[in-house]
2 protein chains.
Amino acid sequence: MLAHTIEKQSAERVARRGTRDNPPARSGVMAKLMLGVPIKFGAGAEIYGEGEPVEYVYEVVQGTVRTIKVLSDGRRKIGGFYFAGDIFGLEEGRDHTLSAEAITDSSVRVIKRRALIKMAGYDRELAQQLLAVTSREIARVHNHALMLIETAQERVSSFLLEMAERISVGDLIVLPMSRQDIADYLGVTIETVSRTFTILENTAAIALPNSRAVVLRDRAALRQ
Amino acid sequence: MLAHTIEKQSAERVARRGTRDNPPARSGVMAKLMLGVPIKFGAGAEIYGEGEPVEYVYEVVQGTVRTIKVLSDGRRKIGGFYFAGDIFGLEEGRDHTLSAEAITDSSVRVIKRRALIKMAGYDRELAQQLLAVTSREIARVHNHALMLIETAQERVSSFLLEMAERISVGDLIVLPMSRQDIADYLGVTIETVSRTFTILENTAAIALPNSRAVVLRDRAALRQ
DNA sequence: CGAAACATTGACAACTTTCAATTGCCGTGG
DNA sequence: CCACGGCAATTGAAAGTTGTCAATGTTTCG
């Protein structure tokens, strides 16, 4: 099933379509507290849609999720990538300003936002964790915003360093997302991403065993 | 006193240099709860510096504040502008990743972060307000990130629309920040900002009575 | 194996930056 | 009060970067 062919459907409907999961090994804030129901989403499935009311908070148990916004002229922007243990759906206001989709087959914990906030009212530790998670999200988005002020090559390098911190195994990064996803996250075209990868490979900063794998050869060069 | 001639000094030192304020008329979250001590900062003064420990949370009572980051090569990025009633300094981690400066002469309420979080543990309403403020900050930064993926003209238009929402009086926006500040916020050069303003003026979308004032003539055109 | 989607590469156009010069604004001092 | 100096803003021309369009190569999966 391909992302671009998925028709929009409400989070409720998708949630219903999802299947219950066994308790996962991964531990995030919600998992630790045994909160939320684990639900599976196939690659490309929409978890919630832009403009829908904010009802739930989500935690990735397994897989990768992206938040996206489609502009009126068809351009697509990716707000962020979320991996196992990450919380997403933390938005203010009544409605979501972005939609969320599973990039790969994913398992996601879902909990009612109201319930979580209510619980936080009684549980001081939970409240502080919630604040910490939210602050971390601010830092992440801030960082994202700052990297968009850089040149294409710097953006790609920053992206690789971010992925290195979040999902690398040693010097190997296996990218779950397509070039188009990377491009939309960095605010450049896929051609620019591709060209930049090639340049970084030619300057020995990275190696590209295949299009989804990146080996970091010279992190200092990526940091400039 | 000019911004660029101010030498860096710690938040503590600046805070000590600041003078106590009379209780202000403006009301934000902290003011409502009569939290924090109002302190004055002169135009260009540093409120806290990048790399300093996160100890306080701030609320603008009067004036305008910018958060900035200076890169190793001297480029400067502005994370956000904060006007009366806005909260800033909400960052995660031990140290600030950005510094904050008063753009104009400003008065700022300061409260110990720890104290605020501790209080939020006892006061459910405060906890929820804190969460709401934090979520709003995420939305603002998200919006900033999204606007950085656009063309220069779209960025400038988005900037004007953002200022229109936040500080306009009718169709008039009096910008407290310089072209350089705007440029650093939008990730373009001052020349591009200037040229774009001229284009918008020539297409009758705005009028420029002087360099710090913008009159919105055609909001629809700015939205495209 | 072959079709479809994804990724890379090339050539050219468009946009933005860079460098340079000019204009406008405002405070200070004659 | 006006002239001057200094800084911010605007404008112009040339260079550089990124986007667009197009062709080719690669991977995936029925």
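These numbers come from the heavy atoms of this one structure, side chains and all, not from hydrogens, waters or symmetry mates. The chains referred to below are lettered A, B, ... by the order of the sequence lines, with proteins before strands, and numbering in each begins at 1.
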Q: In whole Å, what is the span from the CD1 atom of B:I199 to the P atom of C:dA14?
A: 15 Å
Q: If I take atom OG1 from residue A:T64 and atom CD from residue A:E101, how far apart are they, to the nearest 0.5 angstrom?
A: 13.0 Å
Q: Indicate whether OP1 or OP2 belonging to D:dT18 is found under 4.0 Å from a side-chain N or O atom of A:R195.
A: no
Q: B:I190 CD1 to D:dC7 C1': how many Å, rounded?
A: 11 Å
Q: Check B:K69 with B:D184, please: is the shortest side-chain N to carboxylate O separation under 4.0 Å?
A: no
Q: State whether B:R75 and A:E150 are salt-bridged, where the test is any N-O pair (Lys NZ or Arg NE/NH1/NH2 against Asp/Glu carboxylate O) under 4.0 Å.
A: no
Q: Using OP1 and OP2 only, check whether a side-chain N or O of B:T151 sits under 4.0 Å from C:dC15.
A: no
Q: I'd like to check A:I182 versus A:Y185 (side-chain heavy atoms, cut-off strictly below 4.5 Å). Are they in contact?
A: no
Q: In whole angstrom, what separates B:L148's CG from C:dT16's P?
A: 13 Å
Q: Does the A:S168 side chain pair with the main chain of A:E165, one donor and one acceptor, at a distance under 3.5 Å?
A: no
Q: Do NZ/NE/NH1/NH2 and the carboxylate oxygens of B:R113 and B:E55 come within less than 4.0 Å?
A: no
Q: So how far off straight is the helix from C:dC1-D:dG30 to C:dG30-D:dC1, going by the axes through five pairs at either end, to 10°?
A: 30°
Q: For the side chain to side chain contact (heavy atoms under 4.5 Å, CB included) test, which of A:L222, A:V156, A:I173 pairs with A:L161?
A: A:L222
Q: For a quick check of understanding: with a heavy-atom distance under 4.0 Å over all strands, which category does A:S178 fall into, base, sugar-phosphate or nothing?
A: sugar-phosphate
Q: Which whole-number value in Å describes the distance from A:E201 CD to C:dT8 P?
A: 9 Å
Q: Please work out if A:V193 contacts a base, only the sugar-phosphate, or nothing of the nucleic acid, heavy-atom cut-off 4.0 Å.
A: nothing
Q: Taking OP1 and OP2 of C:dC6, is either one under 4.0 Å from a side-chain nitrogen or oxygen of A:R212?
A: no
Q: Classify the side chain of A:R75 and the base of D:dT20 as holding, or not holding, a donor-acceptor pair under 3.5 Å.
A: no
Q: Give the nucleotide from the list C:dT9, D:dA9, D:dT18 with an atom nearest to the side chain of A:S194.
A: C:dT9
Q: Rounded to the Å, how far apart are A:N210 CG and C:dA7 P?
A: 11 Å
Q: Separation of A:M177 atom CE from C:dA7 atom C1', in whole Å?
A: 16 Å
Q: Has the side chain of B:E191 got a donor or acceptor that lies under 3.5 Å from a partner of the other kind on the base of C:dC19?
A: yes
Q: Provide, to the nearest angstrom, the distance between the CZ atom belonging to B:R155 and the C1' atom belonging to C:dT17.
A: 12 Å
Q: May I ask you to verify if any side-chain N or O of A:T192 is less than 4.0 angstrom from the OP1 or OP2 atom of D:dG19?
A: yes
Q: Quick one: closest heavy-atom pair of B:D95 and B:P53, and the distance?
A: OD1-CA, 3.4 Å
Q: At 4.0 Å (heavy atoms only), tell me whether B:S211 reaches a base, stays on the sugar-phosphate, or touches nothing.
A: sugar-phosphate
Q: Just the rounded figure in Å: distance from P of C:dG24 to CZ of B:R179.
A: 15 Å
